[in-house]
Protein chains: 2
Amino acid sequence: MATLKEVADSAGVSMLTAFQALSQHDAVDEVTRRCVQEAADNLNYTLKITQIDIADLAGVAKGTVSYALNNSELIKPTTRQKVLEAAQILGYHLNISARNLRMNRTGVVGYSWHVADDPSRMNNLLDRFIYRVTMAAEERSFHLLTFVQPQKNADRVYESLISTSRVDGFIISDVTYNDPRIARLTAMRAPFAAFGGMYLENADFAYVDVDGKKGIRLVMDHLLEQGHERIGLLGWPSGWPFGDAREASYREAMRDAGIHIENGWIAHTPNILDSAAMAAQQIMNSKYPPTALVCANDLMAFGAKSYLDSVNLRIPDDVALTGYDDDPTAQFLGITSVHQPIDELAEALFEILLGDINQEPLPNRQIIFNPELVIRRSTR
Amino acid sequence: MATLKEVADSAGVSMLTAFQALSQHDAVDEVTRRCVQEAADNLNYTLKITQIDIADLAGVAKGTVSYALNNSELIKPTTRQKVLEAAQILGYHLNISARNLRMNRTGVVGYSWHVADDPSRMNNLLDRFIYRVTMAAEERSFHLLTFVQPQKNADRVYESLISTSRVDGFIISDVTYNDPRIARLTAMRAPFAAFGGMYLENADFAYVDVDGKKGIRLVMDHLLEQGHERIGLLGWPSGWPFGDAREASYREAMRDAGIHIENGWIAHTPNILDSAAMAAQQIMNSKYPPTALVCANDLMAFGAKSYLDSVNLRIPDDVALTGYDDDPTAQFLGITSVHQPIDELAEALFEILLGDINQEPLPNRQIIFNPELVIRRSTR
DNA sequence: TGATTTTTTTGAGACGTCTCAAAAATAGTG
DNA sequence: CACTATTTTTGAGACGTCTCAAAAAAATCA
């Protein structure tokens, strides 16, 4: 296809006039517009400003335009200025696809929605996490592509996205033991960084994490300090590193305090309000009902609280209650919880990923943050 | 750079051998591997399978490969088969950037996170909505790019994404009156489709919506039928089409029922649990306390319920309570709510957008869905 | 001044795909 | 069989960018 300059020459007008004519600018009279339009039609041209047009207008070579627009040190300031002005006048916008093809990178990282078909889709923590990751990415001129991963063969989707050059790397959450995605990406040498991993064995990939054991330990110490001895745990089914670490920490704390965990003090349920409420009931109906209930996260605590309220068990007088994640619900309901520094974590995670993408890996590719206990009226 | 065939020829081996050697395949002995590697180095070649390599291996022209891979009718089945096999052998993956450049499209649509810095970030409805949009997109070989929009000049971000060819179009939610994003995108003739718009005047853009007035009408009719006359409304600050429509519908229903709305029956608060609880208190302390409380959504209803529980007002005996959106919280708490067919809506929305992107607009670019009342124990 | 070094600009070429017009192969017809 | 009509394949070229080696311009030095 022709360039704007060729159209202008063919119509016998200046580039600027041609540009204005084709972009329906008022400054051009109808006759000229028609004439330019005809020239464009003859050359089969449709208006689309490229670096070549800028070069033509500024009177430099196209290579110069590229350098100038990318603030290369090579270019003389006055030349750069000239180019920038021409770009401004023509309303130039870089074509990302062309750059991507040339540079073999995309400026996009992928993130998959938390496990598909989670019925409640209530994970405020991850929502906030990915929101902050997006912000971190955009501050560094990257974008986030969100996709859905199937339950089976999720790793194929990852493979396809990276090998078609759709993304430069991935942010991964909900890491499991022997996660096939991690195996696949590692094998392909594809850049990725995970949220979670410190309690996986041999986790030699990039990750950030918040020490979940430490978080539960804060909760336990707090409760033990208050004199609680019968402490129950409302956790998730085992098999997920996050939940297993929390349960392990609970057990350790009980052992260290010399307290035997009675039958029925521990219940496992999926991350659903109803299930949590039922499990709470089960725990409270055990032979030695706990005086404190530690929940795997705030959603579970919310479910438990509803049950306790419904049977007029007072919080914290009859039963103390704790959650985890410090989400808005816990704040509102006054439930003691554990805060995780999601914002800093997201930022750090993206920095690590970016290092890997640019083949300049950061020295420290595994960062662990400390959780923080937030005491509210559910435990005092 | 060279092609795989050139490397193979230079090393004096078959393409397949060269391929296996360069991809560290076991089937190739060390000597051959070295030899091929050296040839590759001399030609400055790094392994990256393209359609040209497939063409070389299958013994056809590169154009044929492209047609075959895209299932063009032009190609003879046997030829297609040959090409597909070669692609399979070499582990070919399409390069998206190259296709995007050539076809001037990206297969990506943009969606901005709901208004930035919403403190609670609790909008389960939109979370589910965008999740389903992603699924709809992927079923049609599209992807979703999520980005953050600033409070000021959000339209610039949209402009930049579309004019740099980063995306082909947008999904928009949280539409406001005189939305600058819509003005901008319309002016640029950029494809977009919105969630919401039926109660905007002159909304001549593509959208899907759920009739919010009808939804509240369902709630009101249900309450009136039960004999309630003193009905309060817990709504959002005016200025947002969704909320305004709901309030207008409440007022209409009251007027139609011949009930005067007393002072203090209507409260407006931001979408935050605490605020909702406080507003509920305010309404219940008005001169003629309502016997039923209609809330703008389930989050507000949750806030209100907490207040009612805290002062031992029984639901529904003392006060009936309704929400909107039918989210998991309402389900759990037994709050009567209004269900919106998010899944179908997301699907329809994407279809419309796709039509616009492909320049084959659907005949019906504005679709309105019906809400559905879900009666629970908070109103019976 | 002329020669040399340094700075700045140039123009070609490659990235991998799709698509067009033209060429080649095949099938159909009298 | 020769000719035409149809199907299939070919190969070139364009999409818009970045970057390299080479050329030109400017600055420095003797």
Side-chain angles (χ1 to χ4, degrees), chain A residues 1-6 43-56 58-83 86-87 90 92-107 163-166 168, chain B residues 1-6 43-56 58-83 86-87 90 92-107 141 163-166:
Chain A
M1 196 199 290
T3 66
L4 180 59
K5 184 165 172 24
E6 287 165 21
L43 292 165
N44 193 24
Y45 177 84
T46 50
L47 186 63
K48 183 157 202 191
I49 299 302
T50 74
Q51 295 183 354
I52 296 178
D53 298 319
I54 299 180
D56 287 343
V60 299
K62 67 173 176 158
T64 307
V65 173
S66 178
Y67 284 126
L69 292 175
N70 288 302
N71 290 313
S72 161
E73 295 292 333
L74 288 175
I75 300 299
K76 201 164 60 171
T78 56
T79 309
R80 184 201 316 289
Q81 194 55 35
K82 233 177 11 179
V83 170
L90 297 177
Y92 170 76
H93 287 281
L94 174 75
N95 182 312
I96 292 277
S97 297
R99 165 181 285 177
N100 290 351
L101 173 60
R102 178 62 226 261
M103 303 190 64
N104 196 28
R105 45 91 87 187
T106 66
S163 58
T164 58
S165 294
R166 182 65 93 178
D168 292 333
Chain B
M1 198 198 293
T3 67
L4 180 58
K5 183 162 175 16
E6 288 166 22
L43 291 165
N44 193 22
Y45 177 85
T46 50
L47 186 62
K48 182 154 202 191
I49 301 301
T50 73
Q51 295 184 353
I52 296 179
D53 298 318
I54 300 180
D56 287 343
V60 299
K62 66 172 177 160
T64 307
V65 174
S66 177
Y67 283 127
L69 292 175
N70 289 301
N71 291 314
S72 161
E73 296 291 334
L74 288 175
I75 300 298
K76 200 162 61 169
T78 57
T79 309
R80 183 201 317 287
Q81 194 56 34
K82 236 179 4 182
V83 170
L90 297 177
Y92 170 75
H93 286 282
L94 174 74
N95 182 312
I96 293 277
S97 297
R99 167 182 282 178
N100 290 350
L101 174 61
R102 179 58 227 259
M103 302 188 67
N104 195 27
R105 45 92 85 186
T106 66
S141 300
S163 58
T164 58
S165 295
R166 181 65 93 179

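Order of the sequence lines fixes the chain letters, A, B, ..., with proteins taken first and strands second; residue numbering starts at 1 for each chain.
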Participant: Counting just side-chain N and O atoms, does A:Tyr92 come under 4.0 Å of either OP1 or OP2 of D:dT17?
Facilitator: yes
Participant: So does A:Lys62 reach the base of C:dT10 with its side chain, donor to acceptor, closer than 3.5 Å?
Facilitator: no
Participant: Identify all side-chain donor-acceptor contacts of residues 64-79 of chain A below 3.5 Å with residues at least two apart in sequence or on another chain.
Facilitator:
from    : atom 1 : to      : atom 2 : distance (Å)
A:Asn70 : OD1    : A:Arg99 : NH2    : 3.1
A:Asn70 : ND2    : A:Ser66 : O      : 2.9
A:Ser72 : OG     : A:Leu74 : N      : 3.0

Participant: Anything under 3.5 Å between a donor and an acceptor, one on a side chain of residues 49-56 of chain B, the other on a protein residue two or more places apart or in another chain? List them.
Facilitator:
from    : atom 1 : to      : atom 2 : distance (Å)
B:Thr50 : OG1    : B:Ile52 : N      : 3.2
B:Gln51 : NE2    : B:Tyr92 : OH     : 3.3
B:Asp53 : OD1    : B:Leu4  : N      : 3.2
B:Asp53 : OD2    : B:Thr50 : N      : 2.9

Participant: Can you tell me how far C1' of C:dG16 sits from NZ of B:Lys48, to the nearest Å?
Facilitator: 8 Å
Participant: Restricting to salt bridge (Lys or Arg N to Asp or Glu O under 4.0 Å), what partner residues turn up for B:Lys5, sequence neighbours left out?
Facilitator: B:Asp9
Participant: Could you identify which residues of residues 63-75 of chain B place a heavy atom less than 4.0 Å from some atom of DNA chain D, listed by residue number, or say none?
Facilitator: B:Thr64, B:Tyr67, B:Leu74, B:Ile75
Participant: Considering only side-chain heavy atoms of B:Val60, which listed nucleotide, D:dT10, C:dG16, D:dT19, is closest?
Facilitator: D:dT10
Participant: Rounded to the Å, how far apart are B:Gln51 CD and C:dC15 C1'?
Facilitator: 13 Å
Participant: For the pair made of CD1 in B:Ile52 and P in C:dA14, what is the distance, rounded to whole Å?
Facilitator: 11 Å
Participant: Record whether the side chain of B:Lys76 comes under 3.5 Å of the base of D:dT7 through a donor-acceptor pair of N or O atoms.
Facilitator: no
Participant: How would you list, by chain and number, every residue that makes a side chain to side chain donor-acceptor pair (under 3.5 Å) with B:Thr106, sequence neighbours excluded?
Facilitator: B:Asp168
